[in-house]
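Computed from a predicted structure; not experimentally measured.
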There are 2 protein chains.
Amino acid sequence: MERLQELIQEFKQHGYKMTPQRRAIIEIITGCVSVHPTAEQIHERMLERMPDTSLATVYNTLRELVAIGQVYELNLGHGVRQYELSRDEHAHLVCLNCGKIADVKGDFRQLASLFPDCNGFHPVRHQVTIFGLCASCRET
Amino acid sequence: MERLQELIQEFKQHGYKMTPQRRAIIEIITGCVSVHPTAEQIHERMLERMPDTSLATVYNTLRELVAIGQVYELNLGHGVRQYELSRDEHAHLVCLNCGKIADVKGDFRQLASLFPDCNGFHPVRHQVTIFGLCASCRET
DNA sequence: CTCACTGCAAACTATTTGCATCGTA
DNA sequence: TACGATGCAAATAGTTTGCAGTGAG
């Protein structure tokens with residue numbers, strides 16, 4: 001809940017107007033804890049509340065949220081972009097068989113030290129994706 | 001060069017027929033050392049040698065190479081898929097400003113240990129992408 | 001000689017854009 | 001009230017598919 005307020009606050013502070021559509025999108029994405037929804041999925045949820053919402057509005061709002069760093073855009077190898085609230089760092093486990101995605105917390109403090117020679121590159125954030133087989137797909 | 005032979009070998013062993021188009025695509029991708037070409041870029045290079053080559057053939061061949069694990073498909077956040085020869089593990093540094101991509105070798109042995117609780121997930125390979133600002137974009 | 005592979009074009013999916021209208025600040 | 005935001009539809013970009021003809025094994 002606090003996170004929702006923070007997002008709304010941050011959003012306004014960047015000069016964006018708060019509209020019912022945007023508030024709804026922010027609420028939806030704030031409610032997605034370990035889901036990584038696509039724009040399409042967020043749009044479906046929007047339609048339940050506001051049946052006239054345009055998919056373009058969803059895309060626009062997501063772009064803005066990504067721009068202010070409150071939402072991350074994930075490219076996990078299906079041709080679709082998925083979104084998640086920016087939060088404590090974690091890696092994504094992607095099952096090569098069923099496509100299921102799981103989050104796993106990790107200790108990222110050492111990560112930078114694994115790559116010593118970055119030649120003046122200044123890291124902002126990192127995305128760690130581990131492809132493999134999930135427990136249930138291994139059995140079969 | 002050895003790598004080229006290995007790829008061709010591996011490709012045939014999986015029951016795929018070797019055609020001039022496929023050989024050319026394999027040669028091109030083998031020659032891309034620190035480039036991460038898109039299907040479109042590979043196609044352009046193909047046209048220089050074989051002007052009738054279809055983009056669909058490029059996509060098909062890439063899909064096969066990915067399927068046999070000799071080529072990796074990268075989704076680095078521009079809406080395009082990029083390809084690279086599978087080789088020793090490295091991370092990708094992606095500049096948020098200019099989009100330039102650099103490879104950086106790292107010691108991945110410890111990576112798994114950063115994520116202790118993977119709940120039966122069996123990792124096959126991992127993709128580490130670091131977003132940030134490259135040296136030249138930092139200056140300006 | 002067969003069946004996988006090719007080129008072409010059309011189909012499809014995901015995302016972006018242009019524009020008239022609407023509503024927040 | 002002004003200007004940014006919206007919905008709609010059309011446009012674009014990237015990728016896949018269907019099909020008739022071709023060529024590798």
Please lay out, stage by stage, how B:His92 and B:Glu84 fare under the test side chain to side chain donor-acceptor pair (under 3.5 Å). CA-CA 11 Å; B:His92 294 108; B:Glu84 70 175 1; 3.2 Å; yes
Take the protein atom CG of A:Asn60 and the nucleotide atom C1' of D:dG4, then report the distance between them rounded to whole Å. 11 Å
For a quick test of reading the model: is some side-chain N or O of A:Arg63 closer than 4.0 Å to OP1 or OP2 of C:dT15? no
In this structure, how many angstroms lie between the C1' atom of D:dG7 and the CE atom of A:Met50, rounded? 11 Å
Any donor-acceptor N/O pair, B:Thr30 side chain to B:Ile26 backbone, under 3.5 Å: yes
Separation of atom NE2 in A:His43 from atom P in C:dT16, rounded to whole Å: 15 Å
Below the 4.0 Å mark, does D:dG7 have OP1 or OP2 next to a side-chain nitrogen or oxygen of A:Gln21? yes
A:Arg23 has an atom CZ; how far is it from atom P of D:dA5, in whole Å? 15 Å
Taken to the nearest whole Å, CD/B:Glu73 to P/D:dT16 is 8 Å
Can you tell me how far apart OH (B:Tyr72) and OG (B:Ser86) are? Round to the nearest 0.5 Å. 5.0 Å
Are A:His126 and A:Phe108 close enough that their ring centres sit under 6.0 Å apart? yes
Tell me if a side-chain donor or acceptor on A:Gln41 pairs with a main-chain N or O of A:Thr38 at a distance below 3.5 Å. yes
Grab the N/O contacts between the protein and nucleotides 12-15 of chain D below 3.5 Å, and write none if there aren't any.
unit_1: D:dT15; atom_1: OP1; unit_2: B:Arg81; atom_2: N; d: 3.1
unit_1: D:dT15; atom_1: OP2; unit_2: B:Tyr59; atom_2: OH; d: 2.6
unit_1: D:dT15; atom_1: O5'; unit_2: B:Tyr59; atom_2: OH; d: 3.3

Any chance you could measure B:Ile101, atom CD1, to B:Gln82, atom CD, to the nearest 0.5 Å? 4.0 Å
Are A:Glu48 and A:Arg45 close enough, and set up right, to give a salt bridge (Lys or Arg N to Asp or Glu O under 4.0 Å), and what steps lead you there? CA-CA 5 Å; A:Glu48 296 168 12; A:Arg45 296 258 230 124; 5.8 Å; no
Protein-nucleotide distance (A:Leu62, atom CG; D:dA5, atom C1'), rounded to Å: 15 Å
Distance in angstrom units between A:Phe11 CZ and C:dT24 P, rounded: 14 Å
How many Å lie between CD on A:Glu64 and P on D:dA5, as a whole number? 6 Å
Could you tell me whether the side chain of B:Arg125 and the main chain of A:Ile130 form a donor-acceptor pair under 3.5 Å? no
Nucleotide nearest B:Arg22 (side chain, heavy atoms from C-beta), chosen from C:dT17, C:dG7, C:dT6: C:dT6
What pairs of nitrogen or oxygen atoms, one from the protein and one from nucleotides 18-25 of chain D, lie under 3.5 Å apart?
unit_1: D:dA24; atom_1: O3'; unit_2: B:Met18; atom_2: O; d: 3.2
unit_1: D:dG25; atom_1: OP1; unit_2: B:Met18; atom_2: N; d: 3.2

Any pair with a residue in residues 58-69 of chain A that passes side-chain hydrogen bond (donor to acceptor under 3.5 Å, both in side chains), sequence neighbours left out, goes on the list, sorted by first then second residue, please. A:Arg22-A:Glu64, A:Asn60-A:Arg63
